[in-house]
Amino acid sequence: MMATTLKKELQDIIQYRNAYFLAFSATTGYVCFGWDIGLIGGVLALPSFQQYFGLLSESASARASLSANIVSVLQAGGFFGALFSSYFASRFGRKPTLLASGVIYLIGSIIQSTAGVGTSPAVGLKVLYFSRFFGGLGVGLMAALVPTYVSECAPRAIRGRCTGSIEVAVGLGNMLAFWVNYSVSLNISPGQMQWRLPIIAQIVPGALFLFFMLFQPESPRWLVERGRYEEAAAALAHIASKNQNDNAIVLTLSEIRADFVGKHRLPLLTQFRKMAESRVILLRCIIPSLATFFQQWSGTNAINYYTPQIFAGLGFSSTSSALFATGIYGVVKFVVTCLTLAFVIESWGRKRTLIYGGLAQGLMMLWIGGYAGAHPNQGVVPATYVSIVAIYLYGVFFCLGWGFTPLVLGSEVAPGHLRTAVMSLASATTWLFTYVIAQITPIMLDRITYGTFLVFGIASFIMAIWVYVFIPETTGYPLEDIKYLFEKDIIVRSLEDAPGGRVFLGKRRAVSVEDLKAIDALPMNSPKDVSEELKSRSEEDSMKGYSLRNSKSQKFEDPLII
């Protein structure tokens with residue numbers, strides 16, 4: 001059985017090799033994001049960094065405030081980068097904007113690694129703030145555009161896996177940064193280079209991202225929106241490793257063109273205005289931002305940024321031992337993310353991973369909070385080791401569900417003609433609340449201590465309930481068909497897709513997607529602008545697209561349809 005599964009996985013990798021390489025290239029940008037998340041907490045914990053910038057002479061509350069500022073200034077830059085990503089991606093394309101984001105990130109990293117050279121520590125601290133903000137602009141652009149770019153390019157059969165590889169990249173960046181921090185704490189004598197080397201090392205993933213993206217195509221959906229159909233067909237053929245005249249390519253191009261009828265080149269303000277053009281559109285536009293909002297309140301970035309301090313609070317007295325425990329946490333998250341991506345995301349679907357992951361991570365947070373409340377003196381007792389395991393298990397369960405599924409879900413439910421605006425808003429929400437969490441976590445740990453973990457635990461339960469009741473399953477649907485999941489009976493459909501949800505429905509059932517599509521295909525429901533644009537196509541193109549769209553076996557069985 002295992003041999004058969006591995007053989008099928010190998011065949012899939014060969015078949016989708018170009019799509020996987022595209023996802024790998026784009027998500028290398030998220031290694032940069034993950035690297036910074038894992039980097040800065042460990043750097044702040046190094047006595048050499050604290051001494052260089054004069055933090056050792058400050059009070060505990062002042063150090064907490066300075067740490068929060070150093071961590072969160074990158075999120076401030078990321079917020080603005082994400083907010084403006086929609087404009088640049090819509091005007092110049094996904095690929096050029098991603099390349100520009102890599103250049104900005106590299107410049108910010110270089111300045112950050114030289115902060116304080118030739119100046120006083122006070123001036124160096126200001127340079128550090130600026131460089132982290134500037135680098136954050138680049139990371140914000142990456143974070144907003146990579147999910148959109150990958151989801152618009154990946155074949156539907158592996159779309160969840162390709163988009164979900166974002167979290168693998170984050171986990172890889174986390175893990176590498178954690179171990180670099182631990183290595184310099186052991187092998188580099190205290191001094192400037194001890195804390196500068198981890199920052200210098202983050203230049204490597206930025207350079208790799210730039211290099212790999214040079215060889216990738218532009219998003220076919222952006223090309224269709226611009227009327228560049230030949231280039232779009234070439235991009236689809238490259239991604240699917242097929243000929244441009246292949247039926248799957250012609251069908252996909254035909255459906256993308258039909259979906260964009262009357263929606264070409266919408267200005268940014270028009271995109272935001274059109275988010276409220278109907279109840280269904282508004283709901284689909286809100287879900288990505290809500291999902292990323294909930295993701296931040298899971299407490300993941302509180303642990304990512306302040307893991308050394310949290311482990312210190314559990315009894316790890318030395319900096320190196322806290323950093324070692326942090327490194328193990330990074331390895332656990334990375335391994336579980338890879339396993340989830342390979343075997344869970346497409347088989348369990350988006351909904352179950354979010355529900356099960358949310359409930360399990362919430363339980364871990366409640367345990368950690370309960371332990372911290374019962375043992376405020378930080379002494380090592382048997383329950384201390386259980387709490388350490390609970391932190392590792394929290395990382396496992398977070399990667400199982402809320403680690404990358406919100407990105408996959410958000411990029412899928414966003415309307416095609418508004419996707420860049422919707423995902424930029426969702427990414428801006430992520431950065432805004434990452435900033436909030438980075439600012440308040442050290443203060444919460446200092447003032448309400450164990451209550452910090454209780455807040456995150458309760459939030460995780462709320463997240464799971466929200467998904468259970470309000471989010472339908474999107475796995476396996478082409479992007480152009482997901483709109484039908486929100487047309488009617490949304491809560492009924494959501495409960496129908498939820499584990500055990502039919503108990504609450506009795507005999508009620510939602511209208512099937514096939515029936516909704518059949519109704520939508522009736523001539524009396526065809527908008528005038530759709531008819532006019534379809535008539536303007538060449539007779540050969542129209543007839544070929546028509547025959548393919550009416551071939552159900554082709555549409556639902558060919559996994560290369562994007």
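Not measured: the values here are computed from a predicted model.
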Where is the tightest heavy-atom contact between Arg508 and Glu496, given as atom of each residue plus distance?
O-OE1, 4.5 Å
Hey, is the main chain of Ala89 close enough, under 3.5 Å, to the side chain of Trp222 for a donor-acceptor pair?
yes
How are the rings of Phe211 and Phe215 set relative to one another: parallel (under 30°), tilted (30 to 60°) or perpendicular (over 60°)?
perpendicular
Backbone N or O of Tyr87 within a donor-acceptor pair of the Ser90 side chain at under 3.5 Å?
no
More than 12 heavy atoms of other residues, nucleotides or ligands under 6.0 Å from CZ of Arg509: is that the case?
yes
Only counting residues at least two apart or in another chain, list the ones meeting side chain to side chain donor-acceptor pair (under 3.5 Å) with Ser278.
none
Angle between ring planes, Phe33 versus Tyr30, binned at 30° and 60°: parallel, tilted or perpendicular?
perpendicular
Is it the case that more than 12 heavy atoms not belonging to Phe80 sit under 6.0 Å from its CZ atom?
no
Tell me if a side-chain donor or acceptor on Arg94 pairs with a main-chain N or O of Thr148 at a distance below 3.5 Å.
no
Between Ile471 and Val413, is any pair of side-chain heavy atoms under 4.5 Å apart?
no
Under 3.5 Å, is there a donor-acceptor pair between the side chain of Ser85 and the main chain of Ala82?
yes
Is it true that a side-chain atom of Glu473 and a backbone atom of Lys351 form a donor plus acceptor pair closer than 3.5 Å?
yes
In terms of side-chain geometry, is the basic nitrogen of Arg350 or Glu412 positioned less than 4.0 Å from the acidic oxygen of its partner?
yes
Report yes or no: does Lys95 contribute a side-chain atom to a donor-acceptor pair with the main-chain N or O of Ser219 at less than 3.5 Å?
no
Phe294 vs Trp402 aromatic rings, parallel, tilted or perpendicular, using cut-offs 30° and 60°?
perpendicular
Any donor-acceptor pair under 3.5 Å from Thr97 side chain to Phe88 backbone:
yes
Can any side-chain N or O of Arg221 pair as donor or acceptor with the backbone N or O of Ala232 at less than 3.5 Å?
no
Donor-acceptor check, side chain of Lys483 to backbone of Arg284, threshold 3.5 angstrom: yes or no?
no
Verify, without hydrogens or angle tests, whether Tyr468 (side chain) and Pro499 (backbone) share a donor-acceptor contact under 3.5 angstrom.
yes
